[in-house]
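Side chains included, hydrogens not; waters and symmetry mates left out as well; all remaining heavy atoms used. When a ligand or atom number is given, it counts from 1 through the structure's own listing order.
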Amino acid sequence: MTSTTRQQPATTPVPKPQHQAALAHHLAVGDAVVTTLLDTSMQGSLAILTNIDEAKAQQLHAASRRAEPRITLNAFLVNLDDRLILIDTGIGIYAGESGSYMRQALDSIGVAPEAIDTVLLTHLHADHVGGLIDADDNALFPNATVMAPARELEFWTGDDADSLPESRQKHVQAARRALASYADRIKELNGGEVLPGIEMVALPGHTPGHCGYMITSGNEQLLIWGDIVHLPAIQLPCPQTGIMFDVDAEQAQKTRLELLAQVARDGTRVAGMHLEFPAIGHIANDGEGYLFLPISWQPRV
Ligand SMILES: [Zn+2]
């Protein structure tokens with residue numbers, strides 16, 4: 001009779017990983033390096049979509065083979081001409097159980113918050129400004145000037161923000177709190193070149209001052225388009241689809257349709273806060289809608 005007793009492993013078992021080894025991805029854009037910082041992945045829902053019928057949303061979601069409709073959240077770090085510019089800051093203090101990893105991502109590439117000289121904001125929703133401060137409301141970037149579109153600052157933090165509907169007050173409070181520690185170093189942007197090599201691109205609708213930033217170095221470009229889509233698996237094939245957080249749904253749709261057509265036609269490389277990590281690629285025409293062609297992860301930058 002032979003025994004089939006299982007061999008015990010000779011070494012201590014290796015603990016199963018709980019987190020990704022990398023939260024940052026670097027891409028050279030001319031002489032600049034743009035780093036995607038993975039902040040979090042938020043619980044999404046097809047119910048937050050607008051202007052699409054439920055069956056169509058379900059069908060596109062099923063076709064994406066994603067287990068559930070999660071919303072990826074990224075911030076971007078731009079290393080350009082000896083400056084370190086952070087574009088949006090992740091959800092930070094407003095994170096729920098999914099957490100916020102932007103600071104860990106920065107840490108992992110050896111960048112101290114003190115080294116960041118500018119924070120550029122695409123808009124003032126909580127998932128983009130929450131990383132500006134810590135839980136005690138201290139500025140996380142003590143040496144940074146915060147730049148945001150003038151229209152956006154006015155809408156969420158100006159006197160008229162008090163009279164916005166109740167449903168928007170949560171966003172008003174989130175924006176005001178995140179910016180309070182930077183009060184004396186906030187710069188309003190009105191378009192054009194906001195820093196050497198970085199141009200503001202107005203993309204209104206999701207919020208009134210929502211914008212993207214075009215990074216140009218040498219003959220290379222990258223458009224960081226902010227929140228043009230939140231659930232790309234649905235909104236790219238069916239680009240009429242909006243999201244309930246759009247302040248002006250009609251304008252947001254117009255902006256989305258125009259920009260997608262433009263970047264598909266021109267072959268512009270794009271990056272997005274809610275595209276899936278590393279969240280950089282090209283947009284191609286695909287039937288009535290669009291397809292995302294992500295860049296491939298390379299070992300060298
Ligand atoms: Zn967002």
Side-chain angles (χ1 to χ4, degrees), residues 23 36-51 69-77 86-102 105 119-133 146-149 151-153 155-157 164 167-179 200-213 223-236 239 241-249 251-253 255-256 259-260 270-280 292:
L23 295 166
T36 311
L37 305 167
L38 178 58
D39 184 53
T40 194
S41 162
M42 305 180 282
Q43 179 68 55
S45 155
L46 300 182
I48 61 176
L49 295 169
T50 59
N51 204 35
R70 298 198 71 88
I71 301 179
T72 302
L73 178 61
N74 307 292
F76 294 89
L77 182 71
L86 183 64
I87 305 187
D88 289 354
T89 67
I91 197 166
I93 55 161
Y94 304 123
E97 57 177 320
S98 50
S100 176
Y101 294 83
M102 185 273 297
V119 176
L120 276 180
L121 297 171
T122 61
H123 63 300
L124 303 189
H125 272 159
D127 54 325
H128 300 255
V129 300
L132 279 170
I133 54 173
V146 175
M147 299 185 181
R151 176 82 190 91
E152 189 70 3
L153 287 164
F155 185 80
W156 296 109
T157 67
L164 285 173
S167 61
R168 307 236 183 266
Q169 286 306 319
K170 187 176 77 169
H171 299 293
V172 170
Q173 297 317 319
R176 285 181 172 169
R177 181 180 170 194
L179 288 169
M200 177 180 149
V201 179
L203 298 170
H206 177 53
T207 61
H210 178 259
C211 75
Y213 294 102
L223 173 64
I224 296 182
W225 75 13
D227 281 20
I228 287 297
V229 295
H230 293 79
L231 287 167
I234 316 270
Q235 290 177 288
L236 291 178
T241 312
I243 191 150
M244 58 164 58
F245 314 116
D246 291 337
V247 172
D248 181 341
Q251 179 61 57
Q253 187 194 69
T255 296
R256 186 168 48 254
L259 186 70
L260 287 169
V270 298
M273 278 57 193
H274 300 298
L275 291 173
E276 291 172 343
F277 188 82
I280 298 172
F292 183 56

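Side chain of Arg70 to main chain of Ser41: a donor-acceptor pair is present (N/O by atom type, distance under 3.5 Å, no hydrogens or angles). Not one N or O on the side chain of Tyr213 forms a donor-acceptor pair closer than 3.5 Å with the backbone of Leu120.
Ring geometry for His206 against His125 counts as perpendicular: the plane angle is over 60°, on a 0 to 90° scale with 30° as the lower cut.
Looking only at protein N/O/S atoms, the ones less than 2.8 Å from the Zn ion (ligand 1) make 4 in total.
The salt bridge (Lys or Arg N to Asp or Glu O under 4.0 Å) test applied to Arg168 returns no partner, not counting sequence neighbours.
Only one option out of Ile224, Asp88, Leu38, Ile280 pairs with Asn74 in a side-chain contact (heavy atoms from CB on, under 4.5 Å); it is Leu38.
A donor atom on one side chain and an acceptor atom on the other are not found under 3.5 Å apart for Asp227 and His210.
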